[in-house]
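Just below is one structure, and these are the notes that go with it.
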There are 2 protein chains.
Amino acid sequence: MSPTHIDLTETTKPTVDNCRATREILDRIADKWSLFVIAMLRDGPRRFNELRREVEGISQRMLTLTLRGLERDGLVTRTMYPTIPPRVDYELTEVAKGLLGPVMGLVMWAEENKEAITQAQKQFDEGLESGASLARTSFYQSR
Amino acid sequence: MSPTHIDLTETTKPTVDNCRATREILDRIADKWSLFVIAMLRDGPRRFNELRREVEGISQRMLTLTLRGLERDGLVTRTMYPTIPPRVDYELTEVAKGLLGPVMGLVMWAEENKEAITQAQKQFDEGLESGASLARTSFYQSR
DNA sequence: CTGCATCCTGCATGATACTG
DNA sequence: CAGTATCATGCAGGATGCAG
């Protein structure tokens, strides 16, 4: 967290680069679940368990944590109806709706290119064995 | 990897939902570094240490791992020039260039809304103390 | 310069059980 | 239904040293 004297000289490119704040925000939403939760909320409010079912694979705990994170960032609102049984709706804020474009772009890109990617992976993994002298051996395959 | 019988019934929304493959791809690129590396490569090839400097904060190890992951996914190409000292260029593939739009969208969104977000966070955190009976107490603030 | 190999650590995530 | 509280753990990620 030390300021470390960021030098935003003229040479910096218009967008990414040094900027820490941007980094932190992206880190936040680029975690394992946030993008998906946001995507699920794209067409209107959802209840807790609705999300739980739809995001598929998320644990209750992680859904709670993710939602709280998003709420904290001002990306979703939480509305409680003190009925019995209780009901809580989560909805995207205006700020978050600006995210929806890029996020859905990612999702659609992923869907369109998933075959290409799995195939690239297969090819790459094969090349590791036959590639002999290139010797990208064991360890770094892990990822 | 077990097929697990995904039920893409008609009721599923056009995009996200059950689809595991998409999930896996997004998990891959939505990690701590990939998005940034991709963003850095947006206007042409870069050398290893160029990236290292520009991504700022990334360790050598993580850069290597990230690049190999992206290479494996067929998102970047690796070109070695066996000069002395050696030189290695990384460049986005065509597939990856499709990602560039959404990714830069995210980055720009983050930049435009960073103040709003940090402020929302501050407000949220204050509300936790004064909010008394709401009692979102200790643990779940962590995130 | 580029990048492999280890060791080590903490945090993110999961599993499970309890509450209003 | 919508959380909260704990415990357990694996893997992401950092630090460091060596190698072609």
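Residue numbering restarts at 1 for every chain, and letters A, B, ... go by the order of the sequence lines. Note that the structure is predicted; figures quoted are calculated from it, not measured.
Whole-Å rounding puts the B/R68 CZ to D/dA12 P distance at 16 Å. For B/D27 and C/dG14, the CG to C1' distance is 14 Å, given to the nearest whole Å. Atom P of nucleotide D/dC7 and atom CE of A/M62 are separated by 16 Å, given to the nearest angstrom. Regarding A/E50, its CD atom lies at a distance of 13 Å from the C1' atom of D/dA2, rounded to whole Å. The distance from atom CD1 of A/I58 to atom P of C/dA12 is 15 Å, rounded to the nearest whole Å. Summarising the geometry, the separation between CD1 on A/I29 and P on C/dA12 is reported as 16 Å, rounded to the nearest angstrom. Rounded to an integer number of Å, the gap from A/I84 CD1 to C/dG20 P is 13 Å. Per the geometry, CG belonging to B/L63 stands 17 Å off P belonging to D/dA12, to the nearest Å.
Annotation for B/R46 and B/M40: closest pair NE-O, 3.7 Å, computed over non-hydrogen atoms.
Nearest to the side-chain atoms of B/P86 among the listed nucleotides C/dC4, C/dT2, D/dG14 stands C/dT2. The side chain of B/F48 lies closest to C/dG3, out of C/dC4, C/dG3, D/dG3. Checking D/dG13, C/dC4, C/dT13 against the side-chain heavy atoms of B/R61 singles out D/dG13 as nearest. Side-chain atoms of B/T64 lie closest to C/dG3 of the nucleotides C/dG14, C/dG3, C/dC1. The B/Q60 side chain lies nearest to C/dT2 when the options are D/dG14, C/dT2, C/dG14. Listed nucleotides: D/dG14, C/dT2, D/dC1. Nearest to the side chain of B/N49: C/dT2.
Among the atoms of the strands shown, none is found under 4.0 Å from any heavy atom of A/R52.
Phosphate proximity of C/dG14 to A/K32: present, with a side-chain N or O under 4.0 Å from OP1 or OP2. Regarding contacts with the backbone of C/dG3, a side-chain N or O of B/R78 is found under 4.0 angstrom from either OP1 or OP2. Within the 4.0 Å cut-off from OP1 or OP2 of D/dA2, at least one side-chain nitrogen or oxygen of A/R47 is found. Phosphate contact (OP1/OP2 of C/dG3, side-chain N/O of B/Y90, threshold under 4.0 Å): present.
Rounded to the nearest 0.5 Å, atoms CH2 (A/W33) and CG (A/L65) are 12.0 Å apart.
A/M80 and A/L63 fall within a single hydrophobic cluster, where Ile, Leu, Val, Met, Phe, Trp and Tyr are joined by side-chain heavy atoms under 4.5 Å apart, directly or via other members.
None of B/I29, B/L100, B/L26 except one satisfies the side chain to side chain contact (heavy atoms under 4.5 Å, CB included) rule with A/W109; the exception is B/I29.
A donor-acceptor distance shorter than 3.5 angstrom exists from the side chain of A/T118 to the backbone of A/K114, with no hydrogens or angles considered.
Ranked by how close their nearest DNA chain C nucleotide is to the 5' end, B/V88 and A/S59 are led by B/V88.
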